[in-house]
Each structure stands twice: as structure tokens, then as C-alpha cells.
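In the text below, chain A, chain B and the rest are named by the order of the sequence lines, each starting its count at 1. Note that the coordinates shown come from a computational prediction; the quantities given were computed from them, not determined experimentally.
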Number of protein chains: 2
Amino acid sequence: MRVPTRREDALPALAEAFREHGFEGASVATLSKATGLGKGSLYNFFPGGKTEMMDAVLADIDGWFVTAIFAPLERAGDPTAAIRAMMADVTVYFRSGGRTCLVGSIGLGGSGDAFASRTRGYFTRWISALAGCLDAGGVPAPLAVPLAEEVVSGIQGAIVLAHALSDQAAFVRILRRQEAMLLATLASHVR
Amino acid sequence: MRVPTRREDALPALAEAFREHGFEGASVATLSKATGLGKGSLYNFFPGGKTEMMDAVLADIDGWFVTAIFAPLERAGDPTAAIRAMMADVTVYFRSGGRTCLVGSIGLGGSGDAFASRTRGYFTRWISALAGCLDAGGVPAPLAVPLAEEVVSGIQGAIVLAHALSDQAAFVRILRRQEAMLLATLASHVR
DNA sequence: GTCTATAAAGCGATAGAC
DNA sequence: GTCTATCGCTTTATAGAC
């Protein structure tokens with residue numbers, strides 16, 4: 001969509017601008033250019049200014065993850081297939097590490113406190129969804145939870161490293177190792 | 001030191017301010033307060049302004065890691081002890097995930113391009129130092145390199161997760177698992 | 001609902017007194 | 001070498017024309 005006419009249509013462009021410049025680094029002028037909307041229109045859509053824009057972007061991202069990643073894990077008809085799908089979808093979403101995780105970087109940076117509940121919800125749900133999927137596959141919870149925690153954390157680390165080294169192959173290598181470990185753990189706990 | 005009189009004495013306070021507010025988010029006024037130095041003194045020490053301050057901070061951090069982390073790994077008299085020491089030192093340095101990795105977050109954020117060579121050097125040397133240590137312990141390079149890559153990446157992920165969840169215990173759990181995996185790999189390749 | 005013009009504040013950076 | 005005062009510019013946010 002060239003020039004958004006609805007608030008939600010502006011979110012992807014806003015997200016990319018925030019990814020590229022960070023929350024403090026992205027000025028309203030930058031966001032105006034990125035969306036094609038004038039400042040007045042932006043403030044019409046987001047009366048709360050930049051903070052509301054970022055909050056809406058994070059909510060949008062969270063919504064996407066819920067439907068595309070978390071819910072399938074929680075259904076968990078076939079845990080092995082669900083984990084394979086998660087890894088594949090995550091690789092596409094983060095463009096093999098070429099794309100930053102806005103939730104993770106906001107959680108790291110200084111502006112994180114304003115969005116702390118969002119980042120917290122995102123990671124806790126991801127970990128519990130993955131742990132639940134492992135549990136459904138026969139992995140006992142005391143093992144499944146730290147394993148899920150390690151993998152979700154590992155994905156964030158892969159993004160940091162791939163971005164720092166401009167090495168998307170590293171991202172793919174790390175996720176492959178994580179996937180292999182998850183599948184091996186599942187295989188050793190077949191009911 | 002209450003009020004720094006030498007350029008290098010200002011670096012720790014600058015580093016903490018950059019960690020807390022990010023590069024764009026930390027204004028010169030912020031940095032002046034953080035260091036106790038007036039703007040004039042800051043610009044006297046760092047004529048290049050904020051960019052030079054951040055660059056000096058990153059160089060200082062890199063120097064600390066070289067002497068405290070990388071060099072011991074590269075000496076590698078006792079690989080097992082060296083890896084234990086690395087994990088212990090890293091846990092202290094990052095305060096169990098309560099302290100952010102400035103190199104990693106700068107590498108993620110928008111201002112990363114200006115400091116790309118520093119972040120790249122930091123991670124490549126860490127990975128090669130750790131891989132060399134594993135190699136010295138008998139782990140063949142084709143296995144040691146991706147393993148080192150995974151662990152260095154995993155530490156970054158643990159920082160992201162611990163910070164997002166305000167859960168330092170998660171940081172410790174993840175690093176313990178990484179350490180156990182490294183030591184197990186070493187043990188299975190005793191010469 | 002969209003834009004331009006503008007207000008008020010804060011920014012990085014500099015000049016000059018001491 | 002340190003500070004305060006100040007410059008010029010950009011920032012967020014608003015007001016008002018259309």
C-alpha cells in the first residue's frame with residue numbers, strides 16, 4: 001500500500017523505520033517519510049506521538065507472533081512438525097538475521113522501560129508455548145521449560161550475532177543446531 | 001573517581017550512560033551529568049563529540065575483553081579451566097544479565113553502521129579465541145568453530161532475555177547449560 | 001482527514017571568560 | 001582545562017488552512 005489510509009496500514013513502515021533507526025533515533029520526520037504520511041496525519045492516527053506509534057507496532061508484531069508462531073505451538077498436534085514450522089517461519093520472518101527483532105532490541109535499549117510489559121509478555125508467551133509443545137511431545141516440564149528458554153534466547157542471540165557480523169549464514173547455522181537439539185530431545189522422549 | 005581528570009577515567013560513566021539511554025538517547029547533557037564533567041570538558045577530551053565518546057568506550061570495552069577474556073582463552077594452557085573462567089568472568093561482567101552488552105546492542109541498533117568494524121572485531125575475536133581454546137582441548141576445528149559461535153551468540157541472547165524478563169536467574173541458567181555443553185564436548189575429545 | 005506553518009523545547013557543538 | 005552562555009539547528013507537538 002503506497003500511502004496508508006488506515007492506522008494499521010502504517011504499522012509495517014513504522015516498524016521498519018524503528019528497526020533501522022531505533023526509537024530515539026527515528027524522528028517524526030523520518031517516520032513521516034517512511035510512511036508517506038504528513039506529520040499531521042501521523043498525529044491524527046497516533047495522538048500519543050512516537051510512544052503510541054511504537055506501542056502499536058509492538059502490539060502488531062505480538063499479534064503476528066501469536067497467530068503465526070505461538071498458537072500453532074500451543075495447539076501442538078504434531079510437536080515435531082510444529083517445531084520445524086516454528087524454526088522455518090522464524091527464519092523467514094527475521095530474514096535469516098538480516099531483520100532485527102524489534103521486541104528484543106527495545107527490551108535491551110534505554111526506551112525499554114516504557115514498553116516493558118509488552119516485551120515481557122512476548123518472551124514469556126513464546127517460552128511457555130514452546131515448552132508446552134515439548135511437553136505435549138513427552139518432554140517433562142522440568143526439562144522442557146529451560147530448553148524452551150534456551151532456544152528462544154538463542155534465537156535472539158543469533159539475531160545479534162548475525163547483525164553484528166553481517167553474516168546471515170551464522171543465523172541459519174545456529175537455528176539449525178537449536179532445531180536439531182529440540183528434535184533430538186523430542187525423539188528421546190517418545191511416549 | 002568522583003570527577004574524572006583524565007579522558008580514560010570518564011569512560012566507565014560514559015559507558016553506563018550509553019547502556020542506559022542508547023547512543024541516540026544519551027544527550028551530551030546526560031553524559032555531562034553522568035561523568036560530572038561540563039560540556040566543555042567533554043568536548044576537550046572528545047573533540048569528535050558523542051561519536052568519539054562512544055568509539056572510545058567501545059575501544060575500552062574491547063580492551064578489557066581482550067585482556068580478561070580473549071587472551072586467557074588464546075593461551076589455553078588448561079582448556080577446561082579457561083572455559084570455566086570465561087563463563088564466570090562473563091557472568092560477573094554482565095552482572096548476570098543485569099548489565100547490557102553495549103557492543104551487542106550497538107550492533108543491533110540504528111547507529112551500528114558507524115561502529116560496525118568495532119562490533120565485528122569484538123565478536124570475531126571472541127569466537128575465534130573460544131574455538132581455538134576448544135581446538136587446543138582436542139575438539140576438531142570444524143566442530144569447535146560452530147560451537148564457539150553458538151556459545152558467544154547464546155550469551156548475547158541470554159542478555160536480551162534476562163533484560164526483557166528482568167530475570168537474572170534465566171541468564172545464569174542459560175550460561176550454565178552452555179558451559180556444561182562445552183565441557184562435555186571437551187571431555188569427549190580428550191587426547 | 002490531510003497538509004503546511006509554527007511554537008516551544010532540547011539538541012550537538014562552539015566561544016570565550018576565568 | 002574547566003566552566004557558562006550562546007549559536008544554529010532539529011526535535012516533538014500543535015494550530016489552522018483546505
Residue set satisfying side chain to side chain donor-acceptor pair (under 3.5 Å) with B/Gln156, at least two apart, ordered chain then number -> none
Measure from [atom1] on [X] to [atom2] on [N] and round the result to the nearest Å.
X: B/Leu37; N: D/dT4; atom1: CG; atom2: P; value: 12 Å
X: A/Leu31; N: D/dT10; atom1: CG; atom2: P; value: 17 Å
X: A/Leu42; N: C/dT2; atom1: CG; atom2: P; value: 10 Å
X: B/Phe46; N: D/dT2; atom1: CZ; atom2: P; value: 11 Å
X: A/Met53; N: D/dT11; atom1: CE; atom2: P; value: 13 Å
X: B/Asn44; N: D/dT4; atom1: CG; atom2: C1'; value: 15 Å
X: B/His21; N: C/dG12; atom1: NE2; atom2: P; value: 12 Å
X: B/Lys33; N: D/dT2; atom1: NZ; atom2: C1'; value: 19 Å

Side-chain heavy-atom pair A/Ile155, A/Val90 within 4.5 angstrom cut-off: yes
Phosphate contact (D/dG1 OP1 or OP2) by B/Ser41 side-chain N/O below 4.0 Å =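 It does not, given that no N or O in the side chain of B/Ser41 lies less than 4.0 Å from OP1 or OP2 of D/dG1.
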Between protein and nucleotides 12-14 of chain D, what N or O pairs are separated by less than 3.5 Å?
residue: D/dT12; atom: OP1; partner: A/Val28; partner atom: N; Å: 3.4
residue: D/dT12; atom: OP1; partner: A/Lys50; partner atom: NZ; Å: 3.2
residue: D/dT12; atom: OP2; partner: A/Val28; partner atom: N; Å: 2.8
residue: D/dA13; atom: OP2; partner: A/Tyr43; partner atom: OH; Å: 2.9
residue: D/dA13; atom: N6; partner: A/Lys39; partner atom: NZ; Å: 3.2

Okay, side chain of B/Ser188, backbone of B/Thr185: is any donor-acceptor separation there less than 3.5 Å?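 Present.
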Original post:
Where the side chain of A/Thr91 meets the backbone of A/Met87, is there a donor-acceptor pair that is under 3.5 Å apart?
Top reply: yes
Heavy atoms under 4.0 Å, any strand shown: does B/Phe45 hit a base, just sugar-phosphate, or nothing?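 Contact class for B/Phe45: sugar-phosphate only.
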* Please report the closest heavy-atom contact between A/Leu73 and A/Ala129, naming both atoms and the distance. =>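 Looking at all heavy atoms of both residues, the shortest contact is CB-O, 3.8 Å.
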Please work out whether the ring planes of A/Tyr122 and A/Trp126 are parallel, tilted or perpendicular, with thresholds of 30° and 60°. perpendicular
